[in-house]
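Below is one structure, written out as structure tokens, with a few remarks after it.
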Amino acid sequence: MARRKIIAGNWKMNKTPSEAVALAVELKPLVANEDVDVVFCVPAIDIVLVAEAVKGSSIKVGAENMYFEESGAYTGEISPAMLVDAGVKYVILGHSERREYFGETNEDVNKKMLKAFEHNITPIMCCGETLEQREQGVTMDFIRQQVKVGFQNVTADQAKTAVIAYEPIWAIGTGKTATTAQAQEVCAGIRACIAEVYDEATADAIRIQYGGSVNAATAPELFAQPDIDGGLVGGASLKAEFGKIVNYK
Ligand SMILES: O=C[C@H](O)COP(=O)(O)O
């Protein structure tokens with residue numbers, strides 16, 4: 001099956017509202033590519049303005065996190081309905097930075113996944129091993145657990161629309177991209193895990209991104225791999241280089 005590529009920028013905690021608008025306006029013409037789904041995942045406070053700035057293009061806006069309750073006394077959190085109303089189509093869930101600094105567990109990620117589907121927001125669920133786990137030879141065991149728990153009670157039809165981002169923690173923001181072979185091997189392993197949990201049709205439909213120091217030089221080879229359906233890009237998504245990454249061919 002030919003899966004449509006999806007290339008998302010994760011702006012992380014960068015860009016004030018006015019800076020975000022300027023960046024969105026700068027990137028808008030550069031990321032034009034009809035063959036690729038392009039998503040800007042931006043800080044919550046920038047969402048409304050960025051959604052406005054990219055109007056008239058095919059760029060979609062994503063959030064970097066979301067809470068799993070509908071509303072109520074959860075000071076500081078943002079609900080799925082708030083994101084939908086602001087124009088959000090995608091949400092990054094379980095990024096390693098949220099797991100590491102904010103204590104998010106696989107169970108939290110699962111609750112958020114279920115909520116995102118309920119509100120028709122497409123989750124980009126992150127998974128990935130530490131350097132220690134890679135050296136211990138438990139990379140796939142760890143990732144399979146993240147994926148299996150993250151997708152608990154998610155139906156096959158929902159899973160078919162989901163995005164999984166494989167991000168080896170040791171490659172994030174370090175300038176150390178995983179080799180193409182390493183990235184392809186794990187993405188193929190994730191697809192096999194989805195086939196086991198669901199079926200071949202679901203595994204064939206789900207999109208799996210690679211993330212971790214992706215840049216304009218590494219993107220073409222990474223995105224040409226059979227099981228890599230695009231990228232989740234951090235640092236390079238804040239620069240004009242993101243246009244080159246989206247137009248990697
Ligand atoms: O979500 C994006 C990743 O954490 C990758 O970040 P990076 O491209 O700066 O390494």
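All ligand and atom numbering here is 1-based and tracks the order in the structure. Every heavy atom of this structure was used, including side-chain atoms; hydrogens, water molecules and symmetry mates were not.
- For ligand 1, the atoms sitting less than 4.0 Å from at least one non-hydrogen atom of Gly173 are 7 (P), 9 (O), 10 (O), numbered in the order shown with element in parentheses.
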Passes side chain to side chain donor-acceptor pair (under 3.5 Å), Asp227 versus Gln184? Steps please.
CA-CA 6 Å; Asp227 289 293; Gln184 162 57 25; 2.8 Å; yes
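- Asn65 and Lys112 are linked by a side-chain donor-acceptor pair at a separation below 3.5 angstrom, with hydrogens and angles left out of the test.
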Quick one, Ile172 with His95, criterion side chain to side chain contact (heavy atoms under 4.5 Å, CB included). Give me CA distance, side-chain angles, the key distance, then yes/no.
CA-CA 11 Å; Ile172 296 176; His95 190 281; 4.3 Å; yes
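- Counting all heavy atoms, side chain and backbone alike, Leu93 lies closest to Pro123 at CD1-CB, 3.9 Å.
- Near Ser213, meaning under 4.0 Å from one of its heavy atoms, ligand 1 places the atoms 7 (P), 8 (O), 10 (O).
- Residue Gly234 has at least one N or O atom closer than 3.5 Å to an N or O atom of ligand 1.
- Short contacts between ligand 1 and Leu232, defined as distances under 4.0 Å to a heavy atom of the residue, involve ligand atoms 1 (O), 2 (C).
- In terms of polar-atom proximity, defined here as any N/O pair under 3.5 Å, Ile172 makes no such contact with ligand 1.
- Aromatic ring orientation, Tyr67 versus Tyr74: tilted (interplanar angle from 30° to 60°).
- Aromatic ring pairs are classed by plane angle as parallel below 30°, tilted from 30° to 60° and perpendicular above 60°; the pair Trp11 and Phe40 is tilted.
- In terms of protein heavy atoms, atom 9 (O) of ligand 1 is closest to Gly235 N, 2.8 Å.
- Counting protein heavy atoms only, atom 2 (C) of ligand 1 is closest to Glu167 OE2, 3.0 Å.
- Residue contact check: Ala171 has heavy atoms under 4.0 Å from atoms 10 (O) of ligand 1.
- In terms of polar-atom proximity, defined here as any N/O pair under 3.5 Å, Lys12 does make such a contact with ligand 1.
- Here CG of Leu238 is found 10.5 Å from CD of Glu26. Values are rounded to the nearest 0.5 Å.
- Exactly one of Gln209, Arg191, Arg207 qualifies for a side chain to side chain donor-acceptor pair (under 3.5 Å) with Asp229. That residue is Arg191.
- Near Gly212, with a cut-off below 4.0 Å to any heavy atom, the atoms of ligand 1 are 5 (C), 10 (O).
- The shortest N or O to N or O distance between His95 and ligand 1 is below 3.5 Å.
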